[in-house]
*Asks:* 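Below: one structure in structure tokens.
Fair warning: this is a prediction, and the values are worked out from it, not measured in the lab.
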Amino acid sequence: MNSYGNFVKEKEFKITSPTPPRPQLNYIWNSRVLSGVNQNGGGVGAYGQRALAYIDPDGKGRCTVIRDGNRYFYIKNKATGTVFNPGLYPTLTPVDDYYCIHGLGYSIIHGECEGISATARIYINENDPCEIWKVTLENKTDKAADVSLYSFADFELVGYQRYSDYNSYVHAEYDEENNLIMCFNKAMERPHEWFNGFIASSVKPTAFETSRRGFLGQYGSIVAPEAIKREKLADNFAACEQMCGAMQHDITLAAGEEKSVYILIGDAAEMSIAADICKKLFADGKIEADYQALLDRKSETSSSISVHTPSEKINCLTNYWLKQQVQLCAEVGRDTGKGFRDQLQDAWAVASFNPELAKEKILETLTYMYSDGRCVRGWLPLDHHIYSDGPVWVTPTVNAYIKETGDVDFLNHPVKYLDEGEDTVWEHILTAMRFVSEDVGEHGLVHSRDGDWNDSLNMTGLLGKGESVWTSIALCYALKNAAEIAEKLVGDLLIRDEMLARREKMIKAINEKAWDGEWYLAAINDYNEKVGSHEESEGKIYLNSQTWAILSEVASGERAEKCIESVDKYLDSDYGPLTLYPTYTKFNNRIGRLTSFIPGIWENGTPY
């Protein structure tokens with residue numbers, strides 16, 4: 001146990017202090033929304049400040065629904081005027097019996113003040129684009145208590161490049177029948193229609209507010225919203241200003257009594273869609289049934305494959321939380337969207353415990369390959385940059401999936417190319433392998449193009465001449481996988497021999513042109529300058545080329561030993577191996593943006 005929390009069950013982490021050294025985030029999601037909730041119930045600390053984001057299923061981009069993680073529940077004791085939050089923040093009113101439980105797909109935040117207990121539970125079900133909150137208030141005193149519950153969502157509704165004034169397009173409406181506030185952004189620049197936030201209640205509110213300034217006050221803040229000081233919210237309809245969704249519920253609790261209110265916070269293309277979600281979820285028993293279904297799904301995933309070691313910490317991390325992390329990345333991508341390589345790596349990782357998801361992600365990713373074998377950097381939204389490494393991830397990922405499932409027929413599954421035409425998964429593999437192994441420069445190494453697995457090594461090949469040593473090495477690994485598939489699954493020895501011949505040719509080029517004496521280079525740039533060489537004063541050695549040279553069996557014998565020795569000598573640290581050494585201290589536009597990073601951050605010489 002540490003000073004602020006511990007695992008109480010393998011599937012739950014209980015936080016006992018509302019002010020740990022850093023926000024303790026739990027990510028919950030489905031295919032339509034991603035939410036980050038911390039130990040206070042807000043979203044401060046969520047990566048990219050996306051406490052709640054809508055994910056367009058057609059890859060057109062995300063909508064950041066909530067501003068700065070601000071969605072909170074305020075409870076006012078009407079007898080004393082005291083206002084508190086279950087998780088302390090943002091009012092900072094002291095609470096008793098505080099705890100926060102982060103589980104697999106849900107969080108529970110609890111606090112008590114002046115005898116009023118408040119518990120907020122959040123989860124996201126399998127299909128609906130919203131957070132589902134249950135707020136329970138209990139009177140622990142021996143006399144009746146009158147309280148007001150304020151549910152607040154600070155709507156931002158951004159996620160696109162603006163060309164005109166944001167406030168020109170925004171307004172709010174209220175659907176009395178469904179206890180539903182809807183805040184709209186109708187900006188012409190939106191890549192899709194889902195830039196509208198909503199908040200809804202299972203119980204008719206006493207009053208509401210849709211103007212952010214109306215709720216917080218002209219000079220107020222989330223710490224002490226001015227509207228809470230008044231008896232009732234103003235029922236304002238905001239337009240052409242920053243918006244929020246705030247609902248007030250006046251509740252009387254008898255001694256020992258508890259009452260619950262369900263709150264939805266989400267995104268919808270139009271009011272009718274949000275209304276339908278409300279009608280469905282607020283039906284008797286639906287929310288609790290969906291919550292149980294979530295628990296069942298997580299239990300099934302956790303038990304699908306497990307490891308048992310003498311260390312309970314390793315068992316807990318591997319069997320529950322690593323699976324949760326990998327599945328999160330596979331299903332919703334990264335902060336910048338969905339990357340071609342990233343989705344394949346995630347599919348590779350989940351194949352052992354969620355093969356259906358792995359299959360889905362492979363097929364989705366292959367649709368972003370061009371018919372000539374090039375692959376875009378990513379989508380959500382579409383990123384047309386061509387990084388050299390994209391194609392090399394296809395083969396080992398497909399091979400890993402088939403080894404886990406025995407689904408050999410997957411090779412015959414048809415998949416469309418991004419530009420034109422359609423082919424099988426197997427033909428996509430061959431297209432990728434042939435393209436990369438023929439897309440070479442004067443040294444016989446693969447062209448860098450816009451970059452390789454090291455995204456920030458992105459200026460070595462802008463003129464079309466630079467070559468990536470790492471991609472060349474990784475290609476050898478991929479070609480070996482392709483040869484294995486050709487022989488053992490397809491039964492085509494001619495293609496097996498072709499793949500092995502391409503591999504041997506690339507290994508020869510790497511060992512003749514990319515060996516620096518004690519380790520392998522990272523690249524040779526457009527100007528025929530070595531990157532990652534002992535001849536340089538900064539960035540002499542890069543990690544990826546050495547580890548993958550061994551993994552791909554490009555290096556053997558003495559060279560493999562020298563790679564290991566060089567990594568130990570130059571890149572070892574107390575926190576893990578460094579990406580490169582020494583760090584860059586000045587920008588070099590012949591290498592990439594990593595040279596302009598602060599030394600010791602990201603790819604510029606840190607344990608990445």
*Asks:* Once ring pair (Phe, Tyr, Trp, His ring centres under 6.0 Å) is applied, do any residues pair with Phe237, and if so which ones, sequence neighbours excluded?
*Replies:* Phe208
*Asks:* What heavy-atom pair brings Ile109 and Gly41 nearest, and what distance separates the two atoms?
*Replies:* CD1-CA, 3.9 Å
*Asks:* Quick one, Ile132 and Lys134 - any side-chain contact, counting heavy atoms below 4.5 Å?
*Replies:* no
*Asks:* Under a 3.5 Å distance rule, please check whether Asn30 uses its side chain to pair with a backbone N or O of Asn125 as donor and acceptor.
*Replies:*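 Yes, Asn30 side chain to Asn125 backbone: donor-acceptor pair under 3.5 Å.
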*Asks:* Given Lys359 and Leu363, is the side-chain contact (heavy atoms from CB on, under 4.5 Å) satisfied, shown in steps?
*Replies:* CA-CA 6 Å; Lys359 179 179 181 178; Leu363 294 175; 4.2 Å; yes
*Asks:* Please check if atom CD1 in Ile598 has more than 12 non-hydrogen atoms from other residues, nucleotides or ligands closer than 6.0 Å.
*Replies:*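 No.
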*Asks:* For Gly220 and Glu226, which heavy atoms make the closest approach, and how far apart are they?
*Replies:*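 Shortest heavy-atom contact: N-OE2, 3.7 Å.
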*Asks:* Do you know which two heavy atoms are closest between Gly214 and Ala227, and how far apart they sit?
*Replies:* O-CB, 3.6 Å
*Asks:* How about Lys9 and Lys14: do any of their side-chain heavy atoms sit closer than 4.5 Å?
*Replies:* no
*Asks:* Nearest 0.5 angstrom please: Leu380 CG to Arg62 CZ, how far?
*Replies:*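 Rounded to the nearest 0.5 Å, the CG-CZ separation comes to 5.0 Å.
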*Asks:* With sequence neighbours left out, which residue pairs that include part of residues 598-608 fulfil the side-chain hydrogen bond (donor to acceptor under 3.5 Å, both in side chains) condition?
*Replies:* Ser456-Glu603
*Asks:* Under a 4.0 Å N-O cut-off, is there an ion pair linking Arg67 with Asp154?
*Replies:* yes
*Asks:* Quick check against the 3.5 Å criterion: does Thr365 have a side-chain atom that pairs as donor or acceptor with the backbone of Gln343?
*Replies:*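 Checking the backbone N and O of Gln343 against the side chain of Thr365, no donor-acceptor pair under 3.5 Å is found.
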*Asks:* Under 3.5 Å, which donor-acceptor pairs do the side chains of residues 261-276 form with other protein atoms, sequence neighbours left out?
*Replies:*
from: Tyr262; atom 1: OH; to: Glu288; atom 2: OE2; distance (Å): 2.7
from: Glu270; atom 1: OE2; to: Ser272; atom 2: OG; distance (Å): 2.7

*Asks:* What pairs with Tyr150 under ring pair (Phe, Tyr, Trp, His ring centres under 6.0 Å), at least two apart in sequence or on another chain?
*Replies:* none
*Asks:* With a 6.0 Å cut-off on the ring centroids, do Trp133 and Phe73 count as close?
*Replies:*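 Yes, close enough.
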*Asks:* Which atom pair, heavy atoms only, marks the closest approach of Ala358 to Ala347?
*Replies:* CB-O, 3.4 Å
*Asks:* Flag the pair Tyr174 / Pro205 as yes when at least one side-chain heavy-atom distance between them is below 4.5 Å, and no otherwise.
*Replies:*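 Yes, at least one pair of side-chain atoms sits under 4.5 Å.
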*Asks:* Take atom CD of Gln292 as the centre, draw a 6.0 Å sphere, and report whether it contains more than 12 heavy atoms from other residues, nucleotides or ligands.
*Replies:*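 Yes, CD of Gln292 has more than 12 neighbouring heavy atoms, counting only those of other groups under 6.0 Å.
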*Asks:* Counting only N and O atoms by type, is there a donor-acceptor contact under 3.5 Å from the side chain of Asn38 to the main-chain atoms of Val44?
*Replies:* yes
*Asks:* Mind checking whether Tyr368 and Trp379 have parallel, tilted or perpendicular rings, split at 30° and 60°?
*Replies:* parallel
*Asks:* Looking at CZ of Phe282 and OG of Ser202, how far apart are the two atoms once the value is rounded to the nearest 0.5 Å?
*Replies:* 5.0 Å
*Asks:* Charged N to carboxylate O under 4.0 angstrom, Lys204 versus Glu176?
*Replies:*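 So Lys204 pairs with Glu176 through a salt bridge.
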*Asks:* Taking Ser303 for its side chain and Glu300 for its backbone only, find out whether a donor-acceptor pair lies under 3.5 Å.
*Replies:* yes
*Asks:* Between OG1 of Thr80 and CD of Glu114, what distance do you get to the nearest 0.5 Å?
*Replies:* 3.5 Å
*Asks:* Would you say that Gln161 contacts Pro381 through its side chain, given a criterion of any heavy-atom pair below 4.5 Å between the two side chains?
*Replies:* no
*Asks:* Please identify each residue that fulfils ring pair (Phe, Tyr, Trp, His ring centres under 6.0 Å) with Tyr54, with sequence neighbours left out.
*Replies:*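 Partners of Tyr54 under the ring pair (Phe, Tyr, Trp, His ring centres under 6.0 Å) test: His192, Trp194.
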*Asks:* Taking Ile305's backbone N and O only, do any of them form a donor-acceptor pair with Lys323's side chain (distance below 3.5 Å, no angle check)?
*Replies:*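 Present.
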*Asks:* Measure from the side-chain N and O atoms of Asn139 to the backbone N and O of Ile116, and report whether any donor-acceptor pair falls under 3.5 Å.
*Replies:* no
*Asks:* Between Gln248 and Leu233, is there a donor-acceptor pair closer than 3.5 Å when you use the side chain of the first and the backbone of the second?
*Replies:*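 Answer holds: yes.
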*Asks:* Among Thr91, Leu216, Val83, exactly one meets side chain to side chain contact (heavy atoms under 4.5 Å, CB included) together with Ile228. Which residue is that?
*Replies:*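 Exactly one option meets the side chain to side chain contact (heavy atoms under 4.5 Å, CB included) with Ile228, and it is Val83.
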*Asks:* Under a 3.5 Å threshold, yes or no: a donor from one side chain and an acceptor from the other, between Tyr106 and Glu12?
*Replies:*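 Distance-only check passes for Tyr106 and Glu12.
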*Asks:* Apply side-chain contact (heavy atoms from CB on, under 4.5 Å) to Ile55 and Val33, showing your working.
*Replies:* CA-CA 6 Å; Ile55 305 166; Val33 287; 5.9 Å; no
*Asks:* Does Asp58 use its side chain to pair, donor to acceptor, with the backbone of Lys60 at less than 3.5 Å?
*Replies:*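 No, Asp58 side chain to Lys60 backbone: no donor-acceptor pair under 3.5 Å.
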*Asks:* Test Thr82 against Thr93 for side-chain contact (heavy atoms from CB on, under 4.5 Å), laying out the working first.
*Replies:* CA-CA 8 Å; Thr82 300; Thr93 302; 4.0 Å; yes
*Asks:* Counting C-beta onward and ignoring hydrogens, is there a side-chain heavy-atom pair between Asp56 and Pro191 closer than 4.5 Å?
*Replies:* no
*Asks:* Looking at every heavy atom in both Arg377 and Arg341, which two are closest together, and how far apart are they?
*Replies:* NH2-NH1, 3.0 Å
*Asks:* Please find the pair of heavy atoms, one from Ala200 and one from Leu180, that lie closest to each other, and give the distance.
*Replies:* CB-CD1, 3.9 Å
*Asks:* Is there a side-chain contact between Trp453 and Gln345 (heavy atoms, below 4.5 Å)?
*Replies:*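 Sidechains of Gln345 and Trp453: in contact.
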*Asks:* Does Asn85 use its side chain to pair, donor to acceptor, with the backbone of Gly87 at less than 3.5 Å?
*Replies:* no
*Asks:* For residues 95-104, tabulate all N or O donor-acceptor pairs below 3.5 Å that involve a side-chain atom, not counting sequence neighbours.
*Replies:*
from: Asp97; atom 1: OD2; to: His110; atom 2: NE2; distance (Å): 3.4
from: Tyr98; atom 1: OH; to: Gln39; atom 2: O; distance (Å): 2.7
from: His102; atom 1: ND1; to: Ser107; atom 2: OG; distance (Å): 2.6
from: His102; atom 1: NE2; to: Gln24; atom 2: O; distance (Å): 2.7

*Asks:* Within a radius of less than 6.0 Å around CD of Gln218, do more than 12 heavy atoms belonging to other residues, nucleotides or ligands occur?
*Replies:*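 Atom CD in Gln218 is packed in, count exceeds 12.
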*Asks:* In a check of side chain to side chain donor-acceptor pair (under 3.5 Å) between Asp346 and each of Gln327, Lys338, Arg334, which one passes?
*Replies:* Arg334
*Asks:* If you count the non-hydrogen atoms of other residues, nucleotides and ligands that lie under 6.0 Å from CG in Asp165, is the total more than 12?
*Replies:*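 It does: Asp165 CG has more than 12 such atoms within range.
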*Asks:* Measure the spacing between CD1 of Ile251 and CD1 of Ile75 and express it to the nearest 0.5 Å.
*Replies:*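 Here the rounded value is 9.0 Å.
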*Asks:* Taking C-beta and beyond as the side chain, do Tyr160 and Asn185 meet within less than 4.5 Å on heavy atoms?
*Replies:*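 In short, these two side chains touch, coming nearer than 4.5 Å.
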*Asks:* Show your working on side-chain contact (heavy atoms from CB on, under 4.5 Å) between Leu281 and Asp290 and close with a plain yes or no.
*Replies:* CA-CA 9 Å; Leu281 292 180; Asp290 281 359; 3.7 Å; yes
*Asks:* Rounded to the nearest 0.5 Å, what's the gap from CZ on Arg32 to SG on Cys130? Could you check?
*Replies:* 11.0 Å
*Asks:* For the pair Lys259 (side chain) and Thr252 (backbone), establish whether a donor and an acceptor sit closer than 3.5 Å, ignoring hydrogens and angles.
*Replies:* yes
*Asks:* Could you check whether Arg121 makes a cation-pi contact with Tyr291, meaning its NZ or CZ is under 6.0 Å from the centre of the six-membered ring and within 45° of the ring axis?
*Replies:* yes
*Asks:* Applying salt bridge (charged side-chain N to carboxylate O under 4.0 Å, His left out) to Lys78 and Asp250, what does each step give before you reach the verdict?
*Replies:* CA-CA 9 Å; Lys78 298 179 76 172; Asp250 289 344; 3.7 Å; yes
*Asks:* Does the side chain of Thr210 come within less than 4.5 Å of Phe155's, by heavy atoms?
*Replies:* no
*Asks:* Look up atom CD1 in Ile108 and atom CD1 in Ile15, then write down how far apart they are to the nearest 0.5 Å.
*Replies:*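 It is 12.0 Å, given to the nearest 0.5 Å.
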